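Residue numbers begin at 1 in each chain, while the letters A, B, ... track the order of the sequences. All figures in this text were calculated on a predicted structure; none of them were measured in a lab.
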Number of protein chains: 2
Amino acid sequence: MTTHQEGSSSPRPKATRQRAAIAQALATAPGFRSAQELHDELRAADHKVGLTTVYRTLQALSESGAVDAMRREDGETIYRRCDTQIHHHHLVCRSCGYTVEIENEAVERWTQRTAEKHGFEDVTHDIQVFGLCDACSPE
Amino acid sequence: MTTHQEGSSSPRPKATRQRAAIAQALATAPGFRSAQELHDELRAADHKVGLTTVYRTLQALSESGAVDAMRREDGETIYRRCDTQIHHHHLVCRSCGYTVEIENEAVERWTQRTAEKHGFEDVTHDIQVFGLCDACSPE
DNA sequence: GTTAGTGCAAATGATTTGCAAACAG
DNA sequence: CTGTTTGCAAATCATTTGCACTAAC
């Protein structure tokens with residue numbers, strides 16, 4: 001029987017030109033972007049990568065925890081390189097997309113405790129704060 | 001010029017059979033459901049309502065604050081009648097969909113203050129806690 | 001009667017999938 | 001070589017929109 005060391009960990013991806021380009025793009029620019037936006041970025045930088053590949057790669061990176069994924073209010077999924085392994089949430093400008101990472105121990109604990117109080121297990125949560133950053137505010 | 005009284009308030013909807021059916025369905029069953037699910041419910045109850053109308057009505061109700069809308073993890077938007085006018089969030093069972101309303105003043109204030117501290121205005125937020133309710137927990 | 005509301009079918013837009021060709025190990 | 005990865009095109013899926021039609025007021 002083929003019992004090598006195969007846990008629930010990923011089967012290691014191959015090193016391809018496009019994967020490198022995607023990783024680099026994510027490492028270079030800081031903000032969140034959708035798969036399509038990242039794809040445009042790459043094409044603009046003369047990296048020929050298929051949109052499909054961008055989707056597949058981002059999904060894989062997201063699952064492995066290498067990138068943060070969140071859903072924008074319009075429903076598009078956006079990604080960004082995860083700087084910290086620490087759990088955090090985002091404050092996002094509704095207009096320009098400027099993003100700030102926010103976190104608060106107390107809030108984390110509250111969600112956890114509240115869920116447990118109601119008999120829930122294996123709890124995860126998602127907090128998103130939207131607003132207009134001062135650059136985008138009317139005056 | 002046609003300058004009647006037109007504020008930012010809604011132009012009052014007309015009372016139609018389908019709107020009534022939708023409102024009733026929302027009032028009767030308690031949980032969250034997607035537009036498509038609600039549509040099925042209605043057809044099952046012999047109410048002939050077009051899917052388009054369900055979408056349009058739910059959207060209107062959501063904007064007027066009569067129903068709560070939230071996005072499921074899979075991206076579908078789900079709605080439910082808003083019992084309280086008080087701002088609250090949801091604790092949702094990942095497996096069976098059982099939902100509990102949760103709220104916490106302190107958390108509300110934290111999101112507000114944090115956003116303002118970063119120069120954001122017109123702040124809204126969205127908190128969702130997912131987990132397995134005890135009925136769905138492994139043991 | 002007018003206008004808002006309805007519903008079908010077609011359009012949209014993000015994401016996924018089938019499948020053959022290209023490539024890493 | 002041999003299994004992955006890629007990428008195009010076509011398929012999905014939720015939601016929206018065009019437009020002719022019907023019902024409210």
Whole angstrom value for the distance that separates C1' of D:dT5 from CG of A:Leu58: 15 Å
Sugar-phosphate, base or nothing in reach of B:Gln59, heavy atoms under 4.0 Å: sugar-phosphate
Nucleotide D:dC13, atom C1' - distance to CZ of B:Arg72 in whole Å: 13 Å
SB check B:Arg71 B:Glu76 (cutoff 4.0 Å): no
Distance below 4.0 Å between B:Thr52 side-chain N/O and C:dC8 OP1 or OP2: no
Closest approach of A:Leu42 to A:Ala25 (non-hydrogen atoms, all atoms of both residues): CD2-CB, 3.9 Å
Short side-chain N/O contact to C:dC23 OP1/OP2 from A:Gln18, under 4.0 Å: no
Exercise: identify the closest heavy-atom pair between B:Ala35 and B:Val54: O-CG1, 3.5 Å
Protein-nucleotide distance (A:Glu37, atom CD; C:dT15, atom P), rounded to Å: 10 Å
Axis-to-axis angle between the two ends of the helix from C:dG1-D:dC25 to C:dG25-D:dC1 (five base pairs per end, rounded to 10 degrees): 30°
Interatomic distance, B:Lys48 NZ vs C:dT6 C1' [rounded to whole Å]: 14 Å
Residue A:Glu76, side-chain atoms from C-beta onward, closest of D:dG7, C:dA14, C:dG5: C:dA14
For A:Val129 against B:Val123, the heavy-atom pair lying closest together: CG1-CG1, 3.4 Å
From B:His47 atom NE2 to B:Ile22 atom CD1, the distance as rounded to the nearest 0.5 Å: 10.5 Å
Spacing of A:His39 atom NE2 relative to C:dT16 atom C1', expressed in whole Å: 15 Å
Side-chain N,O (B:Thr53) to OP1/OP2 (C:dG5) below 4.0 Å: no
Touch class at under 4.0 angstrom, heavy-atom based, for B:Ser34 against every strand present: nothing
Worked verdict on A:Asn104 versus B:Thr114 for side chain to side chain contact (heavy atoms under 4.5 Å, CB included): CA-CA 10 Å; A:Asn104 178 309; B:Thr114 303; 5.9 Å; no
N/O (side chain, A:Gln36) to phosphate O (OP1/OP2, C:dA14) under 4.0 Å: yes
Chi angles and distances behind the side-chain hydrogen bond (donor to acceptor under 3.5 Å, both in side chains) call for A:Glu108, A:His125: CA-CA 9 Å; A:Glu108 303 298 309; A:His125 63 265; 3.1 Å; yes
Note, A:Tyr55 side chain near A:His39 side chain (heavy atom, < 4.5 Å): no
B/S/- contact track for nucleotides 19-25 of chain D, protein heavy atom under 4.0 Å: -----BS
A:Thr57 side chain to A:Thr53 backbone, donor-acceptor under 3.5 Å: yes
Under 4.0 angstrom between A:Tyr55 side-chain N/O and C:dT16 OP1 or OP2: no
A:Leu51 side chain, from C-beta outward: closest of C:dT6, D:dG7, C:dT15: C:dT15
Integer-rounded Å distance: C:dA14 C1' and A:Tyr79 OH: 10 Å
Protein-nucleotide distance (A:Leu42, atom CG; D:dG7, atom C1'), rounded to Å: 14 Å
Spacing between B:Asp40 atom CG and D:dC13 atom C1', to the nearest angstrom: 14 Å
Salt bridge (charged side-chain N to carboxylate O under 4.0 Å, His left out) partners for B:Glu116, two or more places apart: none
